[in-house]
Amino acid sequence: MLHRIDFSHERYLKIEDLVRRIKGYYPEADFTMLRKAYAFAKRAHDGQKRSSGEEFIIHPMNVAATIIKLHLDMDSIVAALLHDTVEDCDVAPEEIEKEFNLDVARIVVGLTKISKIKFKTKEESQIENFRKMVVAMAKDIRVIIVKLADRMHNMRTLQYISQDRQMKIAQETLDIYVSLASRLGINSVKSDLEDLCLRFLKPEIYYRLAEKIAMKKNDRDKYIKEVVDIVKDKLLEYSLKAEVKGRSKHFYSIYKKMFARGVDFDQIQDILAFRIIVNNITECYKALGIIHSSFTPIPGRFKDYIAIPKPNNYQSLHTTVIGPAAARIEIQIRNYEMNEVAETGIAAHWKYKDGMANRNTKLAWIQELVEFNQNMDNRELMDAVKNDLEIEGVFVFTPKGEVVELRYGSTPLDFAYSVHTEVGHTCVGAKVNGKMVPLKYRLKSGDSVDILTSRSQTPSKDWLNIVKSSRAKTKIKQWLLKVERDHNKEVGKEILDKALRIFSTSAKTLKKNNEWDLVMSRCTASNDEEVYINIGMGKVSTQSIIATIPSLQKVGTEDANTTKKIDEIDKYSQKISQTARKKSSKDNAIIVDGISDLMVRMARCCNPIPGDSIVGYITRGRGITVHTSSCQRVDSCEAGRNIVVTWNSDFNFKHPVNIRVITHDRPGMLSKISNKIDSQSVNIRSAIAKSLPDRKGSFIFEIEVKDYSELIGVINGLESVKDVISVSRV
Ligand code: MN
């Protein structure tokens with residue numbers, strides 16, 4: 001693989017070409033599956049055309065060809081053939097799993113997900129987030145490699161679409177996919193994509209470079225041959241057999257040099273790169289010694305990537321020397337294995353090898369990499385790739401299309417707090433991908449999140465169980481603490497004012513008499529606010545405060561009644577602070593995903609009672625209506641407006657419910673039934689009696705029950721009454 005891999009578009013690619021190429025490196029591959037995938041894709045894309053006017057199937061065929069050039073396994077090749085079927089042809093992933101296998105289906109699904117990401121690449125930090133998002137959604141590294149192949153082919157046929165989209169796609173490729181290829185060490189793909197990007201993003205530079213390089217091609221080819229021969233001879237003098245090749249560097253790397261040095265093409269001397277490939281590491285260093293003693297090396301240009309590999313595992317020796325005709329030439333020295341790694345990077349470790357086909361690919365691959373790197377004593381690469389593959393966060397979109405990184409397991413509330421504290425505090429719900437979701441919904445990478453807020457909303461304690469991020473937790477706690485402080489301050493002031501009034505004095509008077517300091521020190525407070533808070537919290541009793549003020553002692557001992565009153569005040573203060581704490585959880589019969597104080601009403605059509613399975617429906621402007629899950633109205637409710645609700649077990653309340661009792665038409669039936677209900681201590685709100693034909697009576701009672709089991713008790717009781725035919729809830 002000494003030459004750069006040729007990824008050119010192949011217009012007349014046939015399935016037999018693929019078979020033949022695979023046989024070259026993987027003779028025992030499952031060719032039945034390959035042919036089946038080809039037939040499947042051809043049928044699915046039947047009638048579809050590329051922008052170039054070609055049959056669509058030529059696209060997946062070329063993507064598969066690239067995957068084959070990288071020598072990947074059969075699952076990757078098949079996935080490449082099928083990669084657009086789910087997105088463009090509505091093929092179900094289950095069908096792919098059934099016809100092929102789970103791995104293939106997963107790769108195709110991963111590709112479909114990535115293709116839905118809408119890239120907005122302006123800020124550097126956003127580019128990094130998008131890149132992480134791609135990796136997080138891909139999960140399996142093969143998804144990224146097939147995606148890169150897909151992108152390479154699309155870039156090759158970019159000239160058939162509008163210039164606007166050309167620029168957009170090329171920029172996205174440069175920002176996201178070139179960087180991914182580089183991090184995965186797939187240099188052949190990286191330089192290929194870079195040149196394609198340059199061609200569309202900076203066409204004037206690209207074509208000028210192409211022209212310049214073509215111009216002196218004959219001279220250059222002659223020069224390359226000359227250098228190659230000299231180098232070979234020198235190496236042979238030391239009986240070192242090596243492959244030696246030379247070529248122009250790829251356009252983008254020349255462009256980068258020009259850009260970095262601020263010079264024109266003519267001033268760039270070292271556009272030629274030579275490569276010496278030997279059998280082992282010892283020979284690499286031996287070859288380097290020979291080169292350095294045969295040509296003058298340029299100081300500071302020698303780099304030993306064998307001793308210290310690049311984070312993406314690239315290994316090679318680099319040096320620049322003065323070649324024949326005083327030209328600078330760059331020389332890379334490596335062995336065959338290093339060369340393969342340099343060209344195909346991660347894919348090199350992932351390609352088909354004996355026994356590879358049976359491995360649990362996703363995990364085994366990481367495992368293999370770990371072992372591989374321990375052998376190589378190279379933790380750097382391991383960390384780099386591990387960071388890429390085991391991204392722990394989730395990546396979601398804001399309504400503006402920006403990507404936000406959140407902790408794994410985060411909910412819409414975490415998202416809301418990450419936007420702004422105020423958005424978090426007033427969050428009443430969220431839409432994910434356009435649908436209402438519960439606040440405790442676990443966000444997935446790729447979700448678009450839209451937060452609904454209401455000015456009347458405030459955080460509740462339950463939220464602490466919903467949020468994952470420490471930021472959101474801290475903000476909620478701070479808020480709750482402030483509310484409690486405010487409340488305690490208010491209560492404390494009320495209590496102290498009342499107590500002081502009994503002694504015909506006030507805080508103002510105590511201050512005037514310089515006695516307020518005593519109150520402050522009794523409360524270990526440094527200001528008025530703390531005095532009131534400590535009293536409100538019940539830390540300091542009013543009795544003990546009164547006892548520390550000398551001017552009040554006379555009054556206090558003279559009047560026994562006063563002591564009693566103060567006792568009362570203390571009790572009262574205890575009661576206040578206790579009820580205040582319980583209030584919030586007793587307020588509502590229904591808990592809407594941890595949000596309290598939402599407007600909730602029971603639907604009149606089905607009158608749900610505790611114990612019923614229920615569902616909330618978000619109405620327009622009238623809060624949430626709670627129906628029983630079996631209520632027919634629920635089915636006709638607008639999709640996406642449902643919300644999870646649960647019964648609040650702390651809530652004590654009688655719920656109205658209607659029951660219908662059918663009886664034989666006998667005198668006194670109404671009072672018999674009423675008495676039976678009364679005897680179970682159940683309140684009757686109303687009763688309607690009606691005579692039915694064929695001598696039957698119908699009664700509808702609206703009764704109030706605590707919960708479902710109480711209702712069942714009433715129904716069972718009534719069924720035992722003589723002449724009652726049936727009892728049912730309506
Ligand atoms: Mn495609």
Side-chain angles (χ1 to χ4, degrees), residues 7-13 15 17-18 34 37-70 72 75-93 95-96 100 103-119 130 133-135 137-162 165-166 168-178 180-181 184 186 189 192-193 196-197 200 347 446:
F7 293 113
S8 310
H9 172 56
E10 297 180 81
R11 190 178 288 259
Y12 303 106
L13 204 53
I15 183 67
D17 298 324
L18 300 190
L34 180 80
Y38 171 69
F40 189 99
K42 203 166 171 3
R43 199 168 52 241
H45 291 296
D46 189 34
Q48 292 175 3
K49 289 254 167 32
R50 295 278 289 171
S51 308
S52 62
E54 292 167 280
E55 292 293 329
F56 192 91
I57 189 69
I58 203 66
H59 168 62
M61 285 292 277
N62 269 274
V63 176
T66 296
I67 293 302
I68 292 166
K69 283 167 192 164
L70 295 171
L72 283 181
D75 284 348
S76 311
I77 300 166
V78 167
L81 284 172
L82 303 175
H83 81 271
D84 275 328
T85 58
V86 170
E87 194 177 0
D88 296 347
C89 318
D90 288 330
V91 170
E95 196 180 342
I96 293 180
F100 302 94
D103 265 28
V104 171
R106 282 197 181 139
I107 297 173
V108 175
V109 167
L111 286 159
T112 310
K113 277 191 195 156
I114 291 175
S115 71
K116 298 220 166 96
I117 302 177
K118 295 216 166 25
F119 294 99
F130 273 112
M133 184 181 218
V134 169
V135 177
M137 288 176 75
K139 294 202 181 86
D140 186 328
I141 201 74
R142 290 174 296 179
V143 172
I144 296 174
I145 299 174
V146 178
K147 181 69 202 177
L148 290 171
D150 177 36
R151 183 50 63 104
M152 279 162 90
H153 187 248
N154 284 336
M155 287 292 293
R156 285 222 141 66
T157 48
L158 213 54
Q159 62 270 33
Y160 301 106
I161 63 171
S162 73
R165 290 199 52 215
Q166 281 178 10
K168 206 185 142 274
I169 292 175
Q171 189 63 49
E172 176 186 305
T173 303
L174 193 61
D175 288 339
I176 310 284
Y177 293 107
V178 167
L180 278 172
L184 297 177
I186 315 174
V189 170
D192 193 71
L193 282 174
L196 287 163
C197 290
F200 290 100

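The analysis underlying the following values was restricted to heavy atoms, covering all of them including side chains, and did not include hydrogens, waters or symmetry mates. Read the numbers this way: they start at 1 and go in the same order the structure lists the ligands and their atoms.
The closest side-chain donor-acceptor pair between Q48 and H59, if any, does not fall under 3.5 angstrom.
Rounded to the nearest 0.5 Å, atoms CD1 (I15) and OH (Y38) are 6.5 Å apart. Taking CG of D150 as the start and CD1 of I67 as the end, the distance is 9.5 Å to the nearest 0.5 Å.
Using a 4.0 Å cut-off between charged side-chain N and carboxylate O, R50 and E55 make no salt bridge.
S51 pairs by the side chain to side chain donor-acceptor pair (under 3.5 Å) definition with nothing, not counting sequence neighbours.
Around the Mn ion (ligand 1), the protein atoms of type N, O or S found under 2.8 Å away are H59 NE2, H83 NE2, D84 OD2, D150 OD1, listed by chain and number.
No side-chain heavy atom of L111 sits less than 4.5 Å from a side-chain heavy atom of V86.
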